[in-house]
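We use all heavy atoms of the structure for the numbers below, so side chains are in, but hydrogens, waters and symmetry mates are not. Each chain gets a letter, A, B and so on, in the order the sequences are listed, and its residues count up from 1.
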Number of protein chains: 2
Amino acid sequence: MYKISEFVNITGLSKETLRYYAEVKLLEPAYIDPLNNYRYYDDGSYFLAILLVKLRSFGFTIQEMISVMDDKSFANLEKILQQKRSTILLQIDNLTAKLGELDEFLESGREND
Amino acid sequence: MYKISEFVNITGLSKETLRYYAEVKLLEPAYIDPLNNYRYYDDGSYFLAILLVKLRSFGFTIQEMISVMDDKSFANLEKILQQKRSTILLQIDNLTAKLGELDEFLESGREND
DNA sequence: ATAAACTGTGGGGTGCACCACAGAGTCAAT
DNA sequence: ATTGACTCTGTGGTGCACCCCACAGTTTAT
């Protein structure tokens with residue numbers, strides 16, 4: 001069992017983020033001491049937290065992470081990962097297109113100077 | 001002189017956006033009728049509005065657009081365009097890296113199944 | 001026993017770039 | 001003159017994913 005400050009250190013998630021994740025039922029503490037409401041996390045929490053950090057870095061929204069977590073067999077995971085992959089490819093395409101337009105605009109600016 | 005509804009049509013900016021742009025002094029009406037506060041735009045406004053639409057599509061923030069507009073010689077424009085170009089390249093790099101990580105993650109997932 | 005460090009709760013705030021809406025005044029066309 | 005369309009102002013809300021703060025209770029170390 002990890003107390004919150006330890007869990008913050010090993011996961012890299014802030015205490016506010018952990019609190020928020022508990023609130024939206026994305027990642028709830030493994031145990032809450034009924035005497036003082038202190039929240040404790042365990043190794044299972046740790047595994048999930050590391051996964052969440054990874055998914056977050058892939059641009060998963062909270063909702064997407066919840067839908068991954070809700071399905072404990074993680075069958076949704078690959079599907080959403082594929083979706084996210086397409087999204088990233090699309091974003092790259094859009095940025096590349098934008099870059100082209102921007103270069104074009106820079107060119108036209110030079111002509112007019 | 002264009003009345004607001006005409007200006008909305010020819011620029012593609014919404015009336016709320018125009019109002020907002022006026023509020024932050026990004027693009028102010030060419031004339032405001034003191035009798036009824038109706039806002040009117042002219043061809044100069046039109047030129048600027050078209051530029052703003054373009055810059056916005058390049059991902060310029062309001063502040064960046066303001067700094068372009070504040071310098072009427074547009075000397076800042078090319079500089080910021082170049083900055084934005086770098087930003088876009090960086091974003092593409094980051095997304096590409098993320099794609100790599102995601103594919104790696106997908107791979108490792110398959111191994112563990 | 002005392003002080004420092006930790007943790008909880010509730011609620012507000014953040015940033016960005018707008019959008020929405022109510023109510024009142026105004027204009028254009030018939 | 002009337003109707004419908006237009007425009008104004010002020011204010012609140014949006015979405016996302018948190019962050020921050022005060023205050024109070026609790027734990028840990030000395």
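One can place CE of A:Met1 at 14 Å from P of C:dT7, the figure rounded to the nearest angstrom. Remark: P of C:dC16 and CG of B:Leu26 are 14 Å apart, rounded to the nearest angstrom. To the nearest angstrom, P of C:dA5 lies 17 Å from CD of A:Glu6. For the pair A:Asp33 CG and C:dG8 P, the computed distance is 10 Å after rounding to whole Å. One interatomic measurement links the two molecules: CG of A:Leu18 to P of C:dG8, which rounds to 10 Å at whole-angstrom precision. Note: CD (A:Glu23) to P (C:dG12) measures 14 Å, nearest angstrom. Between the CG atom of B:Leu35 and the P atom of D:dC8 there is a distance of 14 Å, rounded to whole Å. Residue A:Ile4 contributes atom CD1, which lies 13 Å from atom C1' of C:dT9 at whole-angstrom precision.
Taking the side chain of B:Tyr38 as heavy atoms from C-beta on, and the options C:dC27, C:dA17, C:dC6, the nearest nucleotide is C:dC27. Side chain of B:Asn37, nearest nucleotide from D:dC8, C:dT7, D:dC20: D:dC8. Closest contact between the side chain of B:Ile62 and the listed nucleotides C:dC6, C:dC18, D:dC8 involves C:dC18.
A salt bridge between B:Glu64 and B:Lys84 is present, with a side-chain N of the basic residue lying under 4.0 Å from a carboxylate O of the acidic one. Under a 4.0 Å N-O distance rule, the pair A:Glu28/A:Arg39 does not qualify as a salt bridge.
At C:dG10, none of the side-chain N or O atoms of A:Arg19 fall inside 4.0 Å of OP1 or OP2 (strictly under the cut-off). In this model, the phosphate group of D:dC19 is approached by a side-chain N or O of A:Ser14 to a distance below 4.0 Å at OP1 or OP2. For B:Thr17 and C:dC19, the shortest distance from a side-chain N or O to OP1 or OP2 is below 4.0 Å. OP1 or OP2 of D:dT7 sits under 4.0 Å from a side-chain N or O of B:Ser5. For C:dA17, the OP1/OP2 oxygens have no side-chain nitrogen or oxygen of B:Tyr21 closer than 4.0 Å. Between A:Asn36 and D:dT27, a side-chain N or O to OP1/OP2 separation shorter than 4.0 Å is present.
With ring centers used as reference points, B:Phe7 lies 6.0 Å or more from B:Tyr40.
When each of B:Lys3 and B:Tyr20 is assigned the nucleotide of DNA chain C bearing its nearest heavy atom, the one mapping closer to the 5' terminus is B:Tyr20.
Within the 3.5 Å criterion, the main-chain N or O of B:Lys3 finds a donor-acceptor partner in the side chain of B:Glu6.
Side-chain N/O atoms of A:Ser67 and A:Asp70 include no donor and acceptor closer than 3.5 Å.
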